[in-house]
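In what follows, a structure is listed as structure tokens, so that the remarks can point back to it.
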Number of protein chains: 2
Amino acid sequence: MNYSRQREQILEYVKSVKTHPTAETVYQKVREDNSNISLGTVYRNLDRLSRDGYLLRIKMANDKDRFDGDVSKHYHAVCTHCNQVFDIFTNYLKDTDDKVSKELNCKVLSHDVIFNIICPDCERGF
Amino acid sequence: MNYSRQREQILEYVKSVKTHPTAETVYQKVREDNSNISLGTVYRNLDRLSRDGYLLRIKMANDKDRFDGDVSKHYHAVCTHCNQVFDIFTNYLKDTDDKVSKELNCKVLSHDVIFNIICPDCERGF
DNA sequence: CATGAAAGTAGTAATTGTTACTATTTTTAG
DNA sequence: CTAAAAATAGTAACAATTACTACTTTCATG
């Protein structure tokens, strides 16, 4: 993979925030430093970076994909009102893949968990 | 909610299968009985039926939504090769919503789990 | 029953998030 | 340096879904 400034900027931005930005948001933010970057480049590199393990792609139900600079195994919670995404580091299910593997008698690669929540901000009225 | 034949046919079809069909598949199948039904009607009613709790909408990562006539709490496994979706009835996490609720200090409505698997058929070569 | 307002539909157009394409520019091994 | 490989910008295309509109069906009420 050859170096590109655009990819570096994209990775740096996503790693620097905890907001789980969408491709569009990454585009807007990187454009503040590099007004020439194109949306296609952002999509292409987010895809590449997540396929190669530098980023996590969070596929949201009926919403745009989000990206996470924290590639450690953890879950996510999404507020059903404002769509903000939060990390959940506890309660990771270590043995579940094995259990399901025995149950279905097949190879289990990974699992994803999403909690549907109402975040504190939205709870206290908005 | 007023009666409609289309909605009845849609619900009946999804309830009758364990294949977790997409909207397009539901459209094709219902059309065998009712060649006048339109795709928009299928989308509209699948949405309505799942929002009202008659069906489950399974939002697949980077793939079309699937629908499940079994509205009991359970998880799903999707084969990363053939995209088939399977039900997983065991290992449902009863207390997890409460734990996450305490952790984030917010209301947790529900959670979804998807296991990424390689199904037996695909495993034995395809 | 008749009726008319509310709810639903068919068919099509529009939208949205994402991917593909092409000509040009950048990277990098030799 | 230089040329092949890789990457980009900008635009067009795509696929899944939603919105719109004119027409049809449902159903509570007289």
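Lettering of chains follows the sequences in order, A, B, ..., and the numbering in each one begins at 1.
The CG atom of Leu39(B) sits 15 Å away from the P atom of dA13(C) (whole-angstrom rounding). Following rounding to the nearest Å, Asn34(B) (CG) and dA10(C) (C1') show an atom-to-atom distance of 11 Å. To the nearest angstrom, C1' of dT19(C) lies 15 Å from CG of Asp63(B). Atoms CG (Asn2(B)) and P (dG8(C)) sit 5 Å apart, rounded to a whole Å. Rounded to a whole Å, the CD atom of Gln6(A) is 18 Å from the P atom of dT24(C). To the nearest angstrom, C1' of dT15(C) lies 13 Å from OH of Tyr43(B). Residue Asp47(A) contributes atom CG, which lies 17 Å from atom P of dG17(C) at whole-angstrom precision. Across the protein-nucleic acid pair, Tyr27(B) atom OH and dT9(C) atom C1' stand 13 Å apart, rounded to whole Å.
Here Asp98(A) does not pair with Lys102(A) in a salt bridge; the nearest charged N to carboxylate O distance is not below 4.0 Å. Ion pairing of Lys59(A) with Asp65(A) is absent here, as no side-chain N (NZ or NE/NH1/NH2) approaches a carboxylate O to less than 4.0 Å.
Around CD of Glu12(B), the count of heavy atoms belonging to other residues, nucleotides or ligands within 6.0 Å does not exceed 12.
Proximity of Thr22(A) to the phosphate of dG17(C): no side-chain N or O atom is located under 4.0 Å from OP1 or OP2.
Along DNA chain C, the nucleotide nearest to Gly40(A) and the one nearest to Ser38(B) differ in position, and the one closer to the 5' end is contacted by Ser38(B).
Listed for the Ser35(B) side chain is no donor-acceptor partner under 3.5 Å among the backbone atoms of Arg31(B).
Within 4.0 Å of Arg5(A), counting heavy atoms only, lies no atom of the nucleic acid at all. Across all strands shown, Asp65(A) has heavy atoms under 4.0 Å from sugar-phosphate atoms exclusively, and none from any base. Within 4.0 Å (heavy atoms only), Tyr3(B) reaches sugar-phosphate atoms of the nucleic acid but no base atom.
The nucleotide range of DNA chain D contacted by chain B, defined by atoms under 4.0 angstrom from heavy atoms of the protein and reported 5' to 3', is dA16(D) to dC27(D).
Here dG8(C) is the nucleotide among dT9(C), dG8(C), dA10(C) with the atom lying nearest to any side-chain atom of Met1(B).
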- Pair Ile117(A)-Leu104(B), side chain to side chain contact (heavy atoms under 4.5 Å, CB included): steps then yes or no: CA-CA 9 Å; Ile117(A) 67 168; Leu104(B) 293 182; 4.1 Å; yes

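Note that CD1 of Ile37(A) and CD1 of Ile10(A) are 4.0 Å apart. Values are rounded to the nearest 0.5 Å.
Aromatic ring orientation, Tyr75(A) versus His111(A): tilted (interplanar angle from 30° to 60°).
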